[in-house]
> 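Can you read through this structure? Questions will come right after.
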Amino acid sequence: MALDGEGLLARLRTELPGLPEALQRVAELILRDPEEAAQSTIVDLAERSGTSPATVTRFCRTLGFRGYAGLRVAIATEIGRAAQARWEIDVDRDIAPDHPLQRVLGVIVSADTQAIRETADRLDLTAVEVVASTIAEAIGSGRRVEVFGVGSSAAATTELVFRLQRLRVACWHRAEAHSALSSAALLRPGDLAIGVSHSGRTREVIEFLAEAAEHGAMTVAVTSYPRSPLAETAELVLTTETHETSFRLAALSALHSQLLVLDLVYVAVAQRSHPAVDEAFELTARAVQTHRLPEHPIRKGKR
């Protein structure tokens, strides 16, 4: 976790289930009232969470801080950033069946904006650099990139493959588990496998990455849970954040965050492949040009 507090509260929400019980109590107290936690002494926080100062210190070190002072500064920094940007830490997520579309739109925009912002805050850019460089090196080298996700995550993986193929990357998305596992078994060192799962607990995606790793391929997990089985299987982890609303459970709300992460990977690959990217874009645009209507079609009945 970054020591500057970026994405701290979002990370606490996702890490909470995997923390020891005593550390969970500290995390829950901070999430319940971040402002008060930022103003509390270590003794106050320990007493209110039913733990001890030693437990709070262990909590801080688990998150990557040297001590309690660093944690307080990180919480205060994130609260300040949130207020300045006018996005809320706890946004109303309730959508009733009779709510007007204007309210529904506002809730969805607020939730997705916050999720994207928190995803950007907590994303490991060093890992993105490694992934992008590996994909760029695959262009014209015979190396392969396999991407797999099921359910709503399949939409994000399909989009990534579509974009990378336009850069001449030998990249595929398999639609079902048997095909994905078979392809993963044929990967070799230098190849890359990317598995996308919000929960990090989708069995098919975990098996896909495990198979790819067994044959020496680099493995990447895109998930909201950095301590999930999928993340533990992968060599690199790109984390996402999501905020569910009524009618949109977390897995259904994760798509925009997943697309943000994968879009960043795509752009980073394109940067490393310039100017060959311009040539590829020109060729693909020319290939489909005849399937596009003219910009100013002649209206019916007019010449």
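Treat the numbers as computed from the prediction; the structure is a model and nothing was measured.
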> To the nearest 0.5 Å, how far apart are CZ in Arg286 and OG1 in Thr284?
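So the CZ of Arg286 and the OG1 of Thr284 are separated by 9.5 Å.
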> Answer yes when Arg227 and Glu15 have at least one side-chain N-carboxylate O distance shorter than 4.0 Å, and no when they do not.
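Judged by the 4.0 Å cut-off on N to carboxylate O distance, Arg227 and Glu15 do form a salt bridge.
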> For the CG atom of Leu167 and the CZ atom of Arg163, what is their distance to the nearest 0.5 Å?
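That separation rounds to 10.0 Å.
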> Please check if the side chain of Ser257 supplies one atom and the backbone of Thr119 the other of a donor-acceptor pair under 3.5 Å.
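Side chain of Ser257 to backbone of Thr119, a donor-acceptor pair under 3.5 Å: no, none is there.
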> If hydrophobic clusters are built from ILVMFWY residues whose side chains come within less than 4.5 Å, do Leu230 and Val265 share one?
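Different clusters.
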> Same cluster or not: Val43 versus Leu45, using hydrophobic residues (I, L, V, M, F, W, Y) connected whenever any side-chain heavy atoms lie under 4.5 Å apart?
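Yes, one cluster joins them.
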> Is Val237 isolated, or which residues cluster with it under the ILVMFWY side-chain rule of less than 4.5 Å, directly or via members?
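Noted: Val237 shares its cluster with no other residue.
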> According to a hydrophobic-cluster definition based on side-chain heavy atoms being under 4.5 Å apart (Ile, Leu, Val, Met, Phe, Trp, Tyr only), do Leu236 and Val128 belong together?
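Looking at the clustering, Val128 is in the same group as Leu236.
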> Pair up each side-chain donor or acceptor in residues 178-190 with any protein partner under 3.5 Å, not counting sequence neighbours, and list the distances.
| from | atom 1 | to | atom 2 | distance (Å) |
| --- | --- | --- | --- | --- |
| Ser182 | OG | His178 | O | 2.9 |
| Ser183 | OG | Arg174 | NE | 2.9 |
| Ser183 | OG | Arg174 | NH2 | 3.4 |
| Ser183 | OG | Ser179 | O | 3.1 |

> For the residue pair Tyr225 and Thr240, establish whether any side-chain heavy-atom pair is separated by less than 4.5 Å.
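Tyr225 does not reach Thr240 side chain to side chain.
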> Of the options Val196, Leu160, Leu238, which is the one that meets Gln258 in a side-chain contact (heavy atoms from CB on, under 4.5 Å)?
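Exactly one candidate clears the test, Val196.
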> Please walk me through it: do Leu23 and Arg58 pass side-chain contact (heavy atoms from CB on, under 4.5 Å)?
CA-CA 8 Å; Leu23 302 191; Arg58 182 159 59 95; 4.1 Å; yes
> Going by heavy atoms in the side chains, are Pro226 and Arg122 under 4.5 Å from each other?
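Yes. Closest side-chain heavy atoms under 4.5 Å.
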> Hey, is the main chain of Tyr68 close enough, under 3.5 Å, to the side chain of Arg72 for a donor-acceptor pair?
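No, the answer is negative, given that no donor and acceptor are paired below the 3.5 Å cut-off.
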> Can you name the nearest heavy-atom pair linking Leu255 to Ala155, along with the distance?
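Answer, listing the atom of Leu255 first, then Ala155: CD1-CB, 4.0 Å.
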> If I take atom CD1 from residue Ile194 and atom CG from residue Leu262, how far apart are they, to the nearest 0.5 angstrom?
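Reported to 0.5 Å precision, the distance equals 7.0 Å.
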> Could you walk me through whether Thr113 and Ser110 pass the side-chain hydrogen bond (donor to acceptor under 3.5 Å, both in side chains) check?
CA-CA 5 Å; Thr113 299; Ser110 178; over 6 Å; no
> Are the side chain of Thr219 and the backbone N or O of Ala213 linked by a donor-acceptor pair below 3.5 Å?
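A pair under 3.5 Å: no.
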> Please report the interatomic distance CD(Glu129) to CD(Gln271), rounded to the nearest 0.5 Å.
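Here the interatomic distance stands at 8.0 Å.
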> Check for a donor-acceptor pair, side chain of Thr55 on one end and backbone N or O of Ala22 on the other, with a separation under 3.5 Å.
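No; zero donor-acceptor contacts below 3.5 Å.
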> What are the two closest heavy atoms between Pro53 and Ala46, and how far apart are they?
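Here Pro53 and Ala46 meet closest at N-CB, 3.5 Å.
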> Are Val131 and Leu164 joined in one hydrophobic group, where the rule is that I, L, V, M, F, W and Y side chains link up if heavy atoms are under 4.5 Å apart?
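Yes: a chain of side-chain contacts under 4.5 Å links Val131 to Leu164.
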> For a quick check under 3.5 Å, do Glu118 and Gln114 share a side-chain donor-acceptor pair by atom type?
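Glu118 vs Gln114: donor-acceptor pair found between side chains.
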> Between Val220 and Val205, is there shared hydrophobic-cluster membership here, with clusters defined by ILVMFWY side-chain heavy atoms closer than 4.5 Å?
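Result: no, two separate clusters.
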> Verify whether one side chain among Thr202 and Ser197 offers a donor that lies under 3.5 Å from an acceptor in the other.
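A pair is found: one side chain offers a donor N or O, the other an acceptor, under 3.5 Å apart.
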> What is the distance from atom CD1 of Ile75 to atom OG of Ser40, rounded to the nearest 0.5 Å?
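OG of Ser40 is found 9.0 Å from CD1 of Ile75.
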> Pairs in or reaching into residues 135-172: which pass ring pair (Phe, Tyr, Trp, His ring centres under 6.0 Å), with residues at least two apart or in two chains?
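For residues 135-172: Phe148-Phe208.
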> So which atom in Ala193 and which in Leu209 form the shortest heavy-atom distance, rounded to 0.1 Å?
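Scanning both residues, the minimum pair turns out to be O-CD2, 3.6 Å.
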> I need the minimum non-hydrogen distance between Ala27 and Leu16, along with the two atoms involved.
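For Ala27 versus Leu16, the nearest heavy atoms are CB-CD1, 3.6 Å.
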> Closer than 3.5 angstrom, by distance alone: can the side chain of Thr41 be matched with the main-chain N or O of Asp44 as a donor-acceptor pair?
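The answer is yes, because a donor-acceptor pair under 3.5 Å joins these two groups.
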> Using side-chain heavy atoms (C-beta onward) and a distance below 4.5 Å, is His243 in contact with Asp112?
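They are not in side-chain contact.
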> Provide the closest heavy-atom pair for Pro17 versus Gln24 in the form atom of the first, atom of the second, distance.
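Here Pro17 and Gln24 meet closest at O-NE2, 3.4 Å.
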> Go through the steps to decide whether Cys171 and Val147 satisfy the test side-chain contact (heavy atoms from CB on, under 4.5 Å), and finish with yes or no.
CA-CA 8 Å; Cys171 183; Val147 189; 3.9 Å; yes
> So which heavy atom on Ala268 is nearest to which on Ala132, and how close?
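That would be CB-CB, 3.4 Å.
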> Examine distances only and state if a side-chain atom of Asp191 and a backbone atom of Arg144 form a donor-acceptor pair shorter than 3.5 Å.
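Present.
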> Within a strict 4.5 Å, meaning less than it, do heavy atoms of the Ser224 and Thr239 side chains meet?
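The answer is no; the side chains never approach within 4.5 Å.
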> Counting C-beta onward and ignoring hydrogens, is there a side-chain heavy-atom pair between Ser199 and Thr223 closer than 4.5 Å?
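Ser199 vs Thr223: side chains apart.
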> Look up atom CZ in Phe59 and atom CG in Leu29, then write down how far apart they are to the nearest 0.5 Å.
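Here the rounded value is 9.5 Å.
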> Is Glu36 salt-bridged to Arg48, cutoff N-O under 4.0 Å?
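Looking at Glu36 and Arg48, the cut-off is met.
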> Would you say Glu146 and His173 are linked by a side-chain donor-acceptor pair, where the criterion is simply a distance under 3.5 Å?
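No, no side-chain donor-acceptor pair sits under 3.5 Å.
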> Applying side-chain contact (heavy atoms from CB on, under 4.5 Å), run through Glu279 and Arg168 and close with a yes or a no.
CA-CA 10 Å; Glu279 179 189 5; Arg168 290 197 172 104; 4.1 Å; yes
> Looking at Glu21 and Arg25, is any side-chain nitrogen of the basic one under 4.0 Å from a carboxylate oxygen of the acidic one?
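Salt bridge flag = yes for Glu21 with Arg25.
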> Salt bridge check, Arg32 against Glu28: does any charged N sit closer than 4.0 Å to a carboxylate O?
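Judged by the 4.0 Å cut-off on N to carboxylate O distance, Glu28 and Arg32 do not form a salt bridge.
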> Does the side-chain contact (heavy atoms from CB on, under 4.5 Å) test come out yes or no for His256 and Thr242, once each step is laid out?
CA-CA 9 Å; His256 292 95; Thr242 183; over 6 Å; no
